[in-house]
Structure formats: C-alpha cells, structure tokens
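Report on the following structure.
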Number of protein chains: 2
Amino acid sequence: MLNAKKRKTRKVSKGDVLLSSGDIAIYGYQVLSGCLRSYVIDRNGKEHILQFAPEDWLITDLDSAMNKKPSAIFIDAIEDSEVISVRVAEFMNFHSLDKNTLVEMNLKFRNSIIASNKRVINMLCATAEDRYLEFLETYPDLAQRIPQKLIASYIGITPEYLSDLRRKLANK
Amino acid sequence: MLNAKKRKTRKVSKGDVLLSSGDIAIYGYQVLSGCLRSYVIDRNGKEHILQFAPEDWLITDLDSAMNKKPSAIFIDAIEDSEVISVRVAEFMNFHSLDKNTLVEMNLKFRNSIIASNKRVINMLCATAEDRYLEFLETYPDLAQRIPQKLIASYIGITPEYLSDLRRKLANK
DNA sequence: CCTTTTTCTTAAGGTATCTTATTTTTTGCC
DNA sequence: GGCAAAAAATAAGATACCTTAAGAAAAAGG
C-alpha cells in the first residue's frame, strides 16, 4: 500500500503514545511487529478500545487526518513495536496517485468498512459472553499476549465482569 | 458516483424487501426519495437496524456483494421510495474504472468508515439517553417521519425503554 | 531474588435495561 | 367516520452488567 517516498520506519516502546486526543492526526501507522491500539476516553474517564493493530494492521484516525480536526482518540503501543509511519494527508491526495494505488486503497477501505460494520452488528446483537468468545476466535494470538483488562475494554465490559464470565465458562 | 450504464431507477412501496438475509447482494441502492433501512435479526428473533437511508444515502451489503457470500442483513423500504439500483460487483471491478471514479469511490468509502467508526464509539461510550438525543440531532427530519420503535431498534434499546426515556426527558 | 506494581479474582449491592402484559393512543383503510 | 391494526405508554418483576472494595496472583523492575 505504501510507496517509498512516504515511508519512515520507527521503533516504539510499550506505552509510547503516537496520537493523543485533541491533536490532529498526521500519521497513520502500519505495524511490522508488536501491537498498537486505539482508544477513546469517555466523559467518566473510562477507556474504550476501538481497535487492536498487531502485525500487518494499519491504524490511524481518518476523520482527524482528513478533516484536519482534533482527534477524539488516542493511539499507543501495548507492546514494544516497529511501525511504518505514513503521512496520511499526502497519501490521501488522490490526484497525485496512480491508478494501481487507488485500486489498492479502495480494497483497504472496503475491508475496513466491512470490519467496522461487523463490529456494529456484533455489538447490537451479541451478549458480552458471545463477544468474548468471538474475540477469542478472531484473535487467538492476542488473547495470550495482552492483559485481560484490554480485552474487556475492547468488548465493552468491565474487567471484573469478564473475570466472572471466564469463571462461568470454565465451569461448563 | 454512478455512470449511466449501471443505473436503473425503480419505485418501491413501503414494506418492499430489496435484500433478504441469505441472499447474495447484487445491487446497492441510492435513495432519491423516501427511506430505506438495513437491519439484522438476532438469534432471539429481534431486529436491529444498522442504517437508515433517506434521500441521497446509499445502502447495500458490501461484504455480501464483494465476497459473494450470503448476506446476514435485510434491506427494505420504510416509506414509499424511489431508488437507483447499482450493480455492485460490476461497479467494483476496479480495473475497468477510470481514475476519477476511483477517486470518488475512495471518498465515499472514507466517509463510510468515518461514520461507522463514530457509531462504534457512540455505542461504546454513550448511554441510551445520549444515543437518543444524538439521533435527534443527527436526523431531526427522520424522527418525525418514522415510528419510535424503529428509532429504538437503531439506538439499540427496546421500544418500551425508549418510551420511558422520553417521559423522563419530558419531565425535566 | 525480592519488592513494587499491575493484573486477576471474588463478592455484595446497585443500576440500566429487558420482558411480559395491559391499556391507551394513533394510524391506516374501506 | 368508524373499525381494525399498529404503535405508544405504563407498570411490575427479572437479569445483565456495573461499582466498589478487598485479597490473591502474576509480572516487572532494580
């Protein structure tokens, strides 16, 4: 997806913040190793994880980057990671791009829409237990690597309740 | 967004079903007048509205259309409507498209992603009351036109609970 | 290896939201 | 304009999930 001129690789340590709420997003990040996440903090101070980005995933705040408005989200590293930084605005200057790149971007966008729509369906239809089981299927790898409280945040429940659910599942 | 060869206008009556769960989506619909909706039915038989498509909106199941797999959603008309049908697969044959069309598609996709992400954030962070108030702001028009039970389905609560919320809000 | 910090578990009580059922109001239709 | 059908309101009891708090286990760091 990336052409050479706009690439820059960068090592980040666990805990490093790559985008803060209030900033305007300039870069997107493609993850080579490790794992990033994006999250929002609600008015009660609670974090809600929007996306995990392990190897090969791309993460950014499109809305902020494209519309030059302060981001509502944070992006940070939950493991030591290596990423490629992409200047989103330049990259989105469609008229400077060749057709192949546009086709590729369309594919990426399309897949993002499909993924995001699935998440909406999942949140509307599934119970917390369903969402946990689905998380395990979707990211069998991540479940071993990251703390449970991050999983809880992603599926939209408290860590305490996830702990309850896990016990109930184990007793089946 | 549409070029002449792939256009077909069509009148649909309130209640007409344009896509059923289990079918493979062939068409997308651009709404000229009236209003369509997409929804899923969960395992308990309850409907959850994913999207309203009043005038100028586009609605389809990208996942089904692109990956040729049975759709999980329904699309029907909640008002008498006039729509343009678009053959999604042909339209998505990127290599037959000119650059301008690709650029336009990228924009549309981008906006869809932004909208879908906002919905996820909204569902993770906001209470039912917040979501109702936000619906009123986002679709001041629709709130007058459609039954409350459809609004309840969209914001992810029961009609009874929406009724409660409205009373509480009125008593403030 | 030991200490500190973080994460996980457990439990009790609370709240938001659901379910079911009944009644009232609104809408659609001949 | 009146009847049937759909939608909305109301209410009581149930449940999923949250809050708080405390202790146990695991991880991190020097």
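Computed from a predicted model, the values in this text were never measured in an experiment. Every chain is numbered from 1 and lettered A, B, ... according to where its sequence line falls, protein lines coming before strand lines.
Under the 4.5 Å side-chain heavy-atom criterion for ILVMFWY residues, a single connected hydrophobic cluster contains both L142(B) and L133(B).
Scanning DNA chain D 5' to 3' for nucleotides with an atom closer than 4.0 angstrom to a non-hydrogen atom of chain B gives a first and last hit of dA7(D) to dA11(D).
Shown here for A143(A) and L136(A), the closest heavy-atom pair between the two residues is CB-CD2, 3.6 Å. In plain terms, the two heavy atoms of G15(B) and D76(B) that are nearest each other are O-CB, 4.5 Å. Contact record, I59(B) with R37(B): CD1-C, 3.6 Å, taken as the closest heavy-atom pair. Between S112(B) and I113(A), the shortest heavy-atom distance links the atoms CB-CD1, 3.6 Å. Across all their heavy atoms, V88(A) and G28(A) have their closest contact at CG2-N, 3.3 Å.
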Expected rows: protein N/O vs nucleotides 10-13 of chain C N/O, under 3.5 Å:
| residue | atom | partner | partner atom | Å |
| --- | --- | --- | --- | --- |
| dT10(C) | OP2 | R167(A) | NE | 2.9 |

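Note on ring orientation: taking the six-membered ring where Trp is involved, the planes of Y139(A) and W57(A) are tilted (angle from 30° to 60°).
Panel note: side chain R131(B), backbone A126(B); a donor-acceptor pair is recorded below 3.5 Å. No donor-acceptor pair under 3.5 Å is formed between the side chain of E104(A) and the backbone N or O of K99(A). With hydrogens and angles disregarded, no donor-acceptor distance shorter than 3.5 Å links the side chain of S81(A) to the backbone of V31(A).
Contact annotation: the side chain of R145(A) approaches that of E79(A) to within less than 4.5 Å [non-hydrogen atoms, C-beta and beyond].
Contacts with DNA chain D (heavy atom under 4.0 Å) in residues 143-150 of chain B: P147(B), Q148(B), K149(B), listed by number. The stretch residues 74-81 of chain A does not touch DNA chain D, since none of its heavy atoms comes less than 4.0 Å from the strand.
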Would you be so kind as to tabulate the donor-acceptor pairs closer than 3.5 Å made by side chains of residues 63-70 of chain B, with sequence neighbours excluded?
| residue | atom | partner | partner atom | Å |
| --- | --- | --- | --- | --- |
| D63(B) | OD1 | N67(B) | ND2 | 2.7 |
| D63(B) | OD2 | K69(B) | NZ | 3.2 |
| S64(B) | OG | A25(B) | N | 2.8 |
| S64(B) | OG | K69(B) | O | 2.7 |

Check residues 152-161 of chain A and write down every donor-acceptor pair under 3.5 Å in which the side-chain atom is one partner and the other belongs to a residue at least two apart or another chain.
| residue | atom | partner | partner atom | Å |
| --- | --- | --- | --- | --- |
| S153(A) | OG | E47(A) | O | 3.3 |
| S153(A) | OG | I49(A) | N | 2.9 |
| T158(A) | OG1 | Y161(A) | N | 3.2 |

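Here dA16(C) presents its C1' atom at 17 Å from CG of L124(B), a figure rounded to the nearest Å. Taking atom CG on L162(A) and atom C1' on dT9(C), their separation rounds to 11 Å, with Å as the unit.
Contact check, K46(B) against dT19(C): a side-chain N or O comes under 4.0 Å of OP1 or OP2.
The nearest heavy atom of DNA chain D to T158(A) and to K14(A) marks one nucleotide each, and the one closer to the 5' end goes with T158(A).
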